[in-house]
Amino acid sequence: MRTIVAAMANNRVIGNNGKLPWYLPKDWEHFREVTNGGTFLMGRKSYEADDRLLSEKWNYILTSNNNINLCDHCSIVGSLNEFYSLTYNEEEVFILGGGNVFSEALKDESINKMILTFVDASPEGDTYFPKVNWSRWKEVKSLSFDRDEFHKHSFTIKTFVRMIE
Ligand SMILES: NC(=O)c1ccc[n+]([C@@H]2O[C@H](COP(=O)([O-])OP(=O)(O)OC[C@H]3O[C@@H](n4cnc5c(N)ncnc54)[C@H](OP(=O)(O)O)[C@@H]3O)[C@@H](O)[C@H]2O)c1
């Protein structure tokens, strides 16, 4: 299973100046629960972000540059196909963005599942989640969270699976 995990605002913004435009601790908690023990893939820019999230198992960084600083449990891949072949026998792997990587990953049918957080906000941003053809996806789970003293925005986490044609 190849799963995209992303959080986007009402205007599809996912990032601004190399960072997430919000701070939602319960979304991070949920992220940790669903990705626990899994392998991650992220683009080089997301990897270099201060608020990056790393797997304790393994992290693949998509880049065309062989000279980036690699953390423990990290290695580079030069293409999505390389990542797919290195992880073909894993039960579930997680594709964590950013915008560039989501766009490429959704160009074909390689992704089977998406866990998307819809943040009820319209922040300024420079990175967007790609437009999705929703007729190909079935919503199988939805969890809503209200705003509170720790969460400036309400948000809903929805899980979608690709429909088999
Ligand atoms: N809200 C969310 O769910 C979420 C999740 C993750 C990130 N973000 C945000 O998204 C922003 C970063 O996204 P981004 O789109 O700017 O960058 P990105 O997708 O994280 O990284 C782009 C980089 O990945 C590498 N890359 C992508 N496709 C490649 C390919 N086919 N072959 C080789 N290398 C490839 C390239 O690295 P090189 O230039 O090194 O070759 C490219 O510059 C940040 O603001 C971050 O906070 C948001």
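Remember, predicted model here, so these are calculated numbers, not experimental data. Every number for a ligand or one of its atoms is a count from 1 in the order of the listing.
In this structure, S55 and F94 have side chains that are not in contact, with every pair of non-hydrogen atoms separated by 4.5 Å or more. Between R44 and L62 there is no side-chain heavy-atom pair separated by less than 4.5 Å.
In the candidate list G15, G78, S79, S103, G78 is nearest to atom 32 (N) of ligand 1, counting heavy atoms. Across L116, N66, T63, N81, heavy-atom proximity to atom 40 (O) of ligand 1 is greatest for T63.
Taking a cutoff of 4.0 Å between a charged side-chain nitrogen and a carboxylate oxygen, R52 and E48 do not qualify as a salt bridge.
Geometrically, ligand 1 and M8 share no nitrogen or oxygen pair separated by less than 3.5 Å.
Side chain to side chain, T63 and N65 fail the donor-acceptor criterion of an N or O pair below 3.5 Å. In this structure, a donor-acceptor pair under 3.5 Å is absent between the side chains of D27 and H30.
Nearest to atom 23 (C) of ligand 1 among the protein's heavy atoms is R44 N, 3.7 Å. Remark: minimum distance from atom 1 (N) of ligand 1 to any protein heavy atom is reached at A7 O, 2.8 Å. In this structure, the protein non-hydrogen atom closest to atom 5 (C) of ligand 1 is L96 O, 3.2 Å. For atom 41 (O) of ligand 1, the closest heavy atom belonging to the protein is S64 OG, 2.5 Å. For atom 47 (O) of ligand 1, the closest non-hydrogen atom on the protein side is K19 C, 3.1 Å. Closest to atom 25 (C) of ligand 1, if we only count protein heavy atoms, is L62 O, 3.1 Å. Scanning the protein for heavy atoms near atom 9 (C) of ligand 1, the closest one is I14 O, 3.8 Å. Distance from atom 15 (O) of ligand 1 to its nearest protein heavy atom, with residue and atom name: N100 N, 2.9 Å.
Rounded to the nearest 0.5 Å, atoms CZ (R162) and CD (E109) are 4.5 Å apart. Atom-to-atom distance recorded for I61:CD1 and I68:CD1 is 6.0 Å, nearest 0.5 angstrom.
In this structure, F160 and W134 have tilted ring planes: the angle between them lies in the 30° to 60° band.
When non-hydrogen atoms are compared, ligand 1 lies under 4.0 Å from the backbone of S46 as well as from its side chain. Both the backbone and the side chain of L20 come within contact range of ligand 1, each with a heavy atom under 4.0 Å.
Atom numbering of ligand 1 starts at 1 in the shown order; those under 4.0 Å from a heavy atom of E104 are 27 (C), 28 (N), 29 (C), 30 (C), 31 (N).
Looking at S46, its side chain does come within 3.5 Å of a backbone N or O of G98 through a donor-acceptor pair. Side-chain atoms of S79 come within 3.5 Å of backbone atoms of E82 as a donor-acceptor pair (strictly under, hydrogens ignored).
Contact analysis puts N16 in contact with ligand 1, with a non-hydrogen atom separation below 4.0 angstrom.
Distances from atom 29 (C) of ligand 1 to the protein include at least one heavy-atom value under 4.0 Å.
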